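Every chain is numbered from 1 and lettered A, B, ... according to where its sequence line falls, protein lines coming before strand lines. The structure presented is a predicted model; accordingly, all values stated were derived computationally and were not measured. No hydrogens, no waters, no symmetry mates; every other heavy atom, side chains included, goes into these values.
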Amino acid sequence: MPEELSKQYDPRETEEKWYKIWEDSNLFSAKIPSQKKPYCIVIPPPNVTGILHMGHALNNTIQDILIRYHRMKGFNSLWMPGTDHAGIATQNVVERSLAKEGLKRQDLGVDKFISKVWEWKERNGSTIIAQLKKLGASCDWSRTRFTMDAAYSESVAEAFIWLYKRKLIYQGYYIINWCPRCQTALSDEEASHVELQGSLYYLKYPLKDNPDKFISVATTRPETMLGDTAVAVNPKDIRYKEYVGKILILPLVNRQIKIIADSTVDTQFGTGAVKVTPAHDPNDYRMGKKHNLEFINVMSPDGKMNALAGKFSGLDRFKAREVVLEELRTIGLLEKIQEHKLSVGHCYRCHTIVEPYLSKQWFVKMRPLAKPAIKVVKNGKIKFYPQRWTKVYLNWMENIQDWCISRQIWWGHRIPVYYCKNCQSKNPDKGIIVSKTKPEKCPKCASTDISQEKDVLDTWFSSWLWPFATFYWPKENADLKYFYPTAALVTAPEIIFFWVARMIMSGLEFRKNIPFKDVYIHGTVRDIEGKKMSKSLGNVIDPLEVIAEYGTDALRFSLISITTQGQDVYLSKERFEQGRNFANKIWNASRFILMNLKPENINADLCVFFKNEKMDILNRWIISRFYSTLKKTDEDLAAYRFNEAANGLYSFFWHEFCDWYLELIKPQIGEKQTQLIMYKILEKYLRLIHPFMPFISEEIWQRLPGAKDSIMQQKWPHLQPDLISDDDEKQMQVAFDIINTVRNMRAEMEVGLNNRIEIKLTFSDRSREKIIAPLINYIKNLAKVETLKITEKYLPQENEFACVLKDMHIVMPLKGIVNVAEQIKKNQLKIDRLESEIKNKETMLANKNFLGRAPKEIIDTEKAKLKDMREQVTKLEVIKNGLR
RNA sequence: GGGCUCAUAGCUCAGUUGGUUAGAGCGUUGCGUUGACAUCGCAAAGGUCAGUGGUUCAAGUCCACUUGGGCCCACCA
């Protein structure tokens, strides 16, 4: 017999202890070869710079539930963990710490800086892992990968070379999103657009032939006018027809620029004439290509104006905007300023406004990759949960743009491209050698003057290989064969484009197979006002604080129970009280059972027991309820309805097992049968709750007299529908109705009890007077309308009333005062309601349409319902009179 | 501009294919609890399911529109 449990559950004592034991006993590790079926989830690798936030907590709890559930279900469950090198984010962190010493990364040089980053990673990179462990995550940590590991880097290089050979990677000058602070290119997805109140400036450009006449153009970024090389109008725009082909003098720079006609110009916007700056705007870039315009880049990578900006050179872009406007105003060429809303791209790492910037970058051609990735989703090989994301995914994939994968930062995978200076000196487009390692000499000219491309790859270029690069692809190996494709991917909607879509494409390209079958997209965790949780808003609820205060199981359970499929989660700290209270309820119910349990009673086999013994109705009932809860849990988890599963487990345990069963068995708790059943139900329930609340379930499991091994090694219970007939369950329901009825003096009865019912009521002295008379009256009436008979009647104690109805043994305390007059009124209301219901049903059953269309079962049940209702009304009438 | 999503109790939200009396947690009120649990129990109050129209024997659930929130996408100079 274990030592007695304390009155309250203390998560702090147990969590660390069990996590260590699980880990030390290798219970998380998935070994092959194995006869079992694989069930694999790859973790969305958190950034090495990451600190656990609620999003992680939710995301990883869901994964852990799936993993633990399938492990118990008999799968060889693997949760593949790891971290992401997070190029820009990590570089920023290290740069910030250098800045404290007054240093810039340029002061160190590439190699020294990179080794600083590695140092940082060694020191801090496992923070997030340690935090995931606090969350109870049952990852196979022995397999932990990092996207910058040597082997992983090889996978990245392999992928690049593969695509290059397939001619799906190219290099070229394009307008890309440029972050002047990070000084790197960003992909379209990395530039997040925010709507801002800006201004639309109308600038007047004088005509060369007639300097008194002007063409007005509207722009939001007037400083870029320094790089204008044309003004465009719509060819259909009659206002400007006569000007097409004429020359304008670009103010401040005095460059001659042409007026061109282009159908992409919107006649409705601004003045209908648009300044064309091919080096600073993607639209203008296309126009520039089409009309063979000059590309004048007036900015440096740091966001300052360069030499081509003439006297504005050296000014920051926003300062330059002010100065340009001021000068134009002075010479009378600033026509007007209008308020204007526009959405401006911001760097998703440092929130600096990005600049559309012309530069030479590497791109992946996406359309050929997207095509098969569209197909697998359309034909259902990959399913999104909830389904609506399918549309979002397809919409993006069908309009996919090429992916800019080069970054001008230092921390990341160097692009596996080498340049032969000799060849390049002859032709700048030649001399490119794509290779995993530095070639000794140029294969064309044998020169040894070879240098590697300075740019690194977009972090997502490594992440998109995650489902197979973690298994050491391109090396063919048993793990890869066994675990790929993985079962499910659990992630947030923000990264469908960044990551999910690209993984699907890479899986199909490199492995010729989907990377996962199911994609579960959970909601974003927001604060109670619906705002995203972020440090800058100061509205963060730290999961680690919640764990410290309420415990991990409480955190997990609360998070899951409020996560409706795919709906955003609005969170406040009070939410976690529910989880804590539930943990405590489980604790105390277990404590009660263990206190009353005689270990010699628990060895019988449930099935055998069932065959040989006549089961008490209470015990039959709770078993029945348990199995329907089990069934529901299975169904909910299969459909990724985690909150439904959690809520089902919650209400079974609290409102059925504790509130009813444990209360009702108290008088018979010493009986052998009841001992066995209450133990078995607890024992089985612990398994059901374990994926959700791993720690408390283990702690109690270990205190069970029959416990062997860890609860993690136990099997998920099998459905045993034959043990319990529907009739039993119905009977129990009937019994509860009676109890409730008596308790409330509410007249509501069903027939058909075969067992003895003993109702014993306790009440306070004060209520005694008020209750006893109407109660006896009431019971009498019950006995009249039903087949129930009052076989005994007694007043055992001052404040108790008991009577035995037929065959069932139930003792219930009665609490509260009953107001008879009110009950009569309520009865009348109920009768009224029922009568209108009956009318409704009668019309329905008389309706030919209904009878023609509805399936037979429905008609039958409806008929039965009607009959029931009519009977009820009769009973209610009788009881009403009895109460009177 | 295109798409998605939400509106249900005082608050935060469930409600799976239309089908008995629309549920939970918290909050409020009343009663109770010295042997599992005050992190508790029993009950009560509180809902024209955003509005209008439609389909149906039957609508919180399906359709259309309206109102008001939230999110995503897009080359809005």
### Query
For A:Gln387 and B:C4, what is the distance between atoms CD and C1' respectively, to the nearest whole Å?
14 Å
### Task
In sequence, state the C-alpha distance, the side-chain angles, and the governing distance for A:Tyr685 and A:Phe653, and then conclude on ring-ring contact (aromatic ring centres under 6.0 Å, His included).
CA-CA 8 Å; A:Tyr685 182 79; A:Phe653 193 82; 4.6 Å; yes
Pairs: protein N or O with nucleotides 23-26 of chain B N or O, under 3.5 Å:
| unit_1 | atom_1 | unit_2 | atom_2 | d |
| --- | --- | --- | --- | --- |
| B:G25 | OP1 | A:His655 | NE2 | 3.4 |

### Query
Expressed in angstrom and rounded to an integer, what is the separation of A:Tyr685 atom OH from B:A36 atom P?
20 Å
### Message
Checking A:Tyr205 against A:Asp228: is there a side-chain donor and acceptor pair closer than 3.5 Å?
### Response
yes
### Message
Distance check, C1' atoms only: B:C75 and B:C71, in whole angstrom units.
### Response
22 Å
### Message
Can you see whether A:Tyr9 engages A:Thr14 through a side-chain donor-acceptor pair at a distance of less than 3.5 angstrom?
### Response
yes
### Atom-to-atom span, CG of A:Asn234 to P of B:A77 - whole angstrom
17 Å
## Note on the structure
Rounded to whole Å, CG of A:Leu682 lies from C1' of B:A36 at a distance of 12 Å
### Query
Looking only at atom P, what distance separates B:G15 and B:C57, rounded to whole Å?
28 Å
### Message
With no hydrogens and no angle check, just 3.5 Å: does a side-chain donor-acceptor pair link A:Thr224 and A:Lys275?
### Response
yes
### Any A:Lys391 side-chain N or O less than 4.0 Å from OP1/OP2 of B:G3
no
### Between B:A36 (P) and A:Asn596 (CG): distance, integer Å
7 Å
### Query
Looking at A:Phe692, A:Tyr650, A:Phe652, which one forms a ring pair (Phe, Tyr, Trp, His ring centres under 6.0 Å) with A:Phe582?
A:Tyr650
#### Entry: Pairwise P distance for B:C42 and B:A24, with rounding to whole Å
12 Å
## Note on the structure
Across every strand shown, the nucleotide meeting Watson-Crick or G-U wobble geometry with B:U16 (both distances under 3.5 Å) is none
### Query
When you compare B:U8 with B:G47, how far apart are their P atoms, in angstrom units rounded to a whole number?
14 Å
### Query
When you compare B:U16 with B:U20, how far apart are their P atoms, in angstrom units rounded to a whole number?
12 Å
### Task
Rounded to the nearest angstrom, tell me the gap between atom OH in A:Tyr393 and atom C1' in B:C72.
17 Å
### Message
Rounding to an integer number of angstrom, what distance separates B:A7 and B:C49 when you compare their C1' atoms?
### Response
10 Å
#### Entry: N or O in side chain of A:Trp396 less than 4.0 angstrom from B:G3 OP1/OP2
no
### Task
Give a yes or no on this: more than 12 heavy atoms of other residues, nucleotides or ligands lie within 6.0 Å of atom NZ of A:Lys290.
yes
### Message
Strictly below 4.0 Å: does A:Lys585 bring a side-chain N or O up to OP1 or OP2 of B:G41?
### Response
yes
